[in-house]
Amino acid sequence: MTILPARRGAAFPIQKGQYLKVTNTYGKQVVDFWAFNPNDSHDYLSMSHSRTILVAVSPRVGKSLYSTRRKPILTLVEDTSPGVHDMVWSACDRERYRMQGAVEYHDNCHDNMHQALKQSCPADKYPNLQIADDWIPDPLNLFMNVPINHFGGLDIQPPTSEKGQYVVLKAEADLVIVMSACPQDMAPVNAGGPADCEYEIFNDSSLTEPASTSIPRTLTKRPKRVKVALSFDFDAVSHWLGTGCHPDNNMADYSSGIFAGQVGAIRLLNMLKKKNIADKVTWFVPGHTIETFPNSVKKVVESGAEIGLHGYSHEGIYQMTPEQERDVLVKCIEVATKLCGGQKPRGYRAPMYTIRETTVELLREFGFLYNSSLMHHDSQPYWTPADPPIEKIDFSKPASSWLKPTPITEPTIGPLESGQHPLVEIPCGWYNEDMMPLQYLPHLPNSMGYVSTRTVEQMWKDKFMWLWENAPSVEGEDDSERANDSVDFVFPILMHPDTSGMAHIIGMSERIISWLQGWGESVQFYKHEDIAKEWLKEQTSRK
């Protein structure tokens, strides 16, 4: 299957006699659909001609769809959905969204169609398929639900299609197909946030023999390798004792931590096993969680996952003196080493990313391989910086006292030059995690949990798609732009049993994992430790 990303378009050729399967991967997603004769721009799939020949406003299995020449060009041979599709509604465009109240640019099917054609069907390869930029045929709106009442009125309703349902169309002529995963989120066209779909071409109706025809993505570059750094901060009750400490915390707050320790973690662990990646992820576990929920943590270790440190009681760095910070780290190393049968932890993530220069010094002193608390980069490993503390402005002093730059170490200068212990930084950050947008935290600034999981899921997908399209590719790129020879980019995602372990969120966790796995061999899940080891090896070999 090839992914049709949410809000995006795709264009590709299909030969006469081949079959196209379009799957509504998550259900409820509308796909705007066009078909063109590659040798005649005036011969294309026509909704008005199809309606008059079929005497119907929706296609049916066994019936053909017609071109402007009144010739059959596609036949619907299979439909596992309830069969509700639309042949009336026009494609959305910028003006449509302006009329709906959008004040800035909004992705739309009009632009998606034109962009997909220009990228995948350029003029030098398809000289007879040139479409004016300001024109677009009415699409076949697969899975769209637009009932017509007895007064002749139209009313957009949520699609009736469900997860995994699909249609199969047979090409009755050589065609160029264009599809757009409809970006509409200002009307119930997609019953919520837009989602991905999938498609595939087959040579026979049994759908067992994939076509040899290349189906190009609309993406411009293909990284040779992406490493997904999926991690879990197993905070549980410790969160409420450290960074989440508040005099108004009550039994209900602590209860959500107990849920994480006894229910959420096990749910996530079972899901990871189902997706065959339980031994390819990293769990950052506070010492308090290890000692309070030993049975759950033991199951995590038995799954083959890596265990990293995450404080003892999720202490914020400025809640502690440097002496307390050292004592906490020593205790956590002891607890985690015992948990892992004598193997010392090699990675660290600061609770709530609260970290200072003393933390970095301690990690080097105790020989840690990597840290995952800073945000100097969002998709590449780098050396954990050894810069002095950034000076704050003292506005009680003359302006001349702060009118000076901050000394920042160049990213290419690291411990191999300075002789320090080589501490690798694995990127993470607020926009890579689930808790802040999706968790109810009554005493911290946050969304209070009332954010759609689709919003977070799409944000992660948007980040991946940008990196996929813009990361240096295997050929034709300046090697100096590449921070890592074995990977084009690292893709960090952080989940919490407290959050993603909840019933209304864990589905999102599984969907994003499945989506990443859908990219094939180019995208692999890695423990943080393995990412750091490979990167460190590469840096060392260059010296």
Side-chain angles (χ1 to χ4, degrees), residues 1-36 38 44-45 47 50 58-67 72-87 109 112-113 116-117 120-121 139-145 159-182 190 194-219 511 514-520:
M1 286 283 188
T2 301
I3 296 171
L4 175 63
R7 304 176 184 269
R8 299 292 185 94
F12 50 87
I14 185 172
Q15 298 174 3
K16 180 179 179 180
Q18 291 184 320
Y19 296 80
L20 172 65
K21 180 180 180 181
V22 182
T23 302
N24 210 323
T25 312
Y26 302 114
K28 311 302 183 188
Q29 174 63 43
V30 169
V31 176
D32 285 39
F33 185 100
W34 299 269
F36 297 91
Y44 54 85
L45 176 62
M47 291 301 96
S50 295
S58 185
R60 291 288 178 265
V61 172
K63 300 294 184 179
S64 293
L65 296 163
Y66 291 81
S67 76
I73 60 172
L74 288 160
T75 299
L76 181 61
V77 297
E78 188 175 0
D79 186 356
T80 65
S81 77
V84 177
H85 309 283
D86 171 69
M87 297 168 60
C109 290
N112 283 350
M113 189 204 81
L117 279 173
S120 299
C121 302
L140 166 62
N141 296 305
L142 293 173
F143 311 114
M144 189 172 181
N145 184 9
T160 61
S161 54
E162 298 296 340
K163 178 178 179 179
Q165 294 178 340
Y166 61 85
V167 297
V168 178
L169 295 155
K170 180 183 178 182
E172 304 296 349
D174 290 347
L175 301 169
V176 167
I177 301 296
V178 187
M179 297 188 294
S180 170
C182 178
N190 300 305
D196 303 333
C197 287
E198 295 172 291
Y199 62 96
E200 192 165 6
I201 291 177
F202 292 88
N203 282 324
D204 61 57
S205 58
S206 66
L207 303 184
T208 58
E209 182 186 351
S212 58
T213 302
S214 174
I215 308 175
R217 294 185 188 273
T218 59
L219 308 176
R511 285 195 304 273
S514 298
W515 186 80
L516 290 167
Q517 290 178 325
W519 291 80

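Computed from heavy atoms alone, side chains included, the values below leave out hydrogens, waters and symmetry copies. Numbering starts at 1 and runs along the sequence shown.
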Heavy-atom closest pair, residues Thr25 and Glu198:
OG1-OE1, 3.1 Å
Quick one: pull up CZ in Arg8 and SG in Cys109 and give me the separation to the nearest 0.5 Å.
13.0 Å
Under 30°, 30 to 60°, or over 60°: which ring-plane class applies to Phe36 and Tyr44, parallel, tilted or perpendicular?
tilted
Any side-chain heavy atom of Lys63 sitting closer than 4.5 Å to one from Ser50?
no
Distance in Å, Glu200 CD paired with Thr2 OG1, rounded so as to fall on 0.5 Å steps
6.5 Å
Determine whether a donor-acceptor pair (N or O, by modelled atom type, separation under 3.5 Å) exists between the side chain of Lys28 and the backbone of Pro159.
yes
Between Ile201 and Ile177, is any pair of side-chain heavy atoms under 4.5 Å apart?
no
Which is it for Arg60 and Leu76 under the side-chain contact (heavy atoms from CB on, under 4.5 Å) test, yes or no, and what are the steps along the way?
CA-CA 7 Å; Arg60 291 288 178 265; Leu76 181 61; 5.6 Å; no
Mind running side-chain contact (heavy atoms from CB on, under 4.5 Å) on Val22 and Met179 for me, showing each step along the way?
CA-CA 10 Å; Val22 182; Met179 297 188 294; 3.8 Å; yes
Measure the shortest side-chain to side-chain distance between Val176 and Leu117 over non-hydrogen atoms and say whether it is less than 4.5 angstrom.
yes
Evaluate side-chain contact (heavy atoms from CB on, under 4.5 Å) for Tyr19 paired with Lys21, printing each intermediate quantity in order.
CA-CA 7 Å; Tyr19 296 80; Lys21 180 180 180 181; over 6 Å; no
Return the CG to CG distance between Leu169 and Asp79, rounded to the nearest 0.5 Å.
9.0 Å
Within a strict 4.5 Å, meaning less than it, do heavy atoms of the Val167 and Phe33 side chains meet?
no
Using side-chain heavy atoms (C-beta onward) and a distance below 4.5 Å, is Cys182 in contact with Gln29?
yes
With sequence neighbours left out, what residues match Gln517 under side chain to side chain contact (heavy atoms under 4.5 Å, CB included)?
Lys275, Ile277, Ile513, Phe525
Between the OH atom in Tyr199 and the CD1 atom in Ile3, the distance rounded to the nearest 0.5 Å is 9.5 Å
Do Thr80 side-chain atoms and Tyr166 backbone N/O form a donor-acceptor pair below 3.5 Å?
yes
All heavy atoms of Ala181 vs all of Ala6, minimum pair found to be CB-CA, 4.0 Å
Tell me, do Met87 and Leu140 make a side-chain contact under 4.5 Å, heavy atoms counted?
yes
What is the minimum heavy-atom distance between Leu4 and Ser180, and which atoms define it?
CD2-C, 4.2 Å
Please check: side-chain N/O of His85 versus main-chain N/O of Asn141, any donor-acceptor pairing under 3.5 Å?
no
Taking atom CD of Gln165 and atom OG1 of Thr160, what is their separation to the nearest 0.5 Å?
7.5 Å
Taking only residues two or more places apart in sequence, or in another chain, which ones meet Asp196 in a salt bridge (charged side-chain N to carboxylate O under 4.0 Å, His left out)?
Lys461
side-chain contact (heavy atoms from CB on, under 4.5 Å), that's the test. Do Leu74 and Leu175 meet it? Break it down for me.
CA-CA 9 Å; Leu74 288 160; Leu175 301 169; 3.9 Å; yes
Contact between Leu45 and Trp34 at the side-chain level, heavy atoms closer than 4.5 Å - yes or no?
no
Apply side chain to side chain contact (heavy atoms under 4.5 Å, CB included) to Glu172 and list each qualifying residue two or more places apart in sequence or on a separate chain.
Thr75, Lys170
Is the closest side-chain donor-acceptor distance between Gln18 and Asn203 under 3.5 Å?
yes
Identify the two heavy atoms, one from Gly9 and one from Ala116, that lie closest to each other, and give their separation to 0.1 Å.
C-CB, 4.0 Å
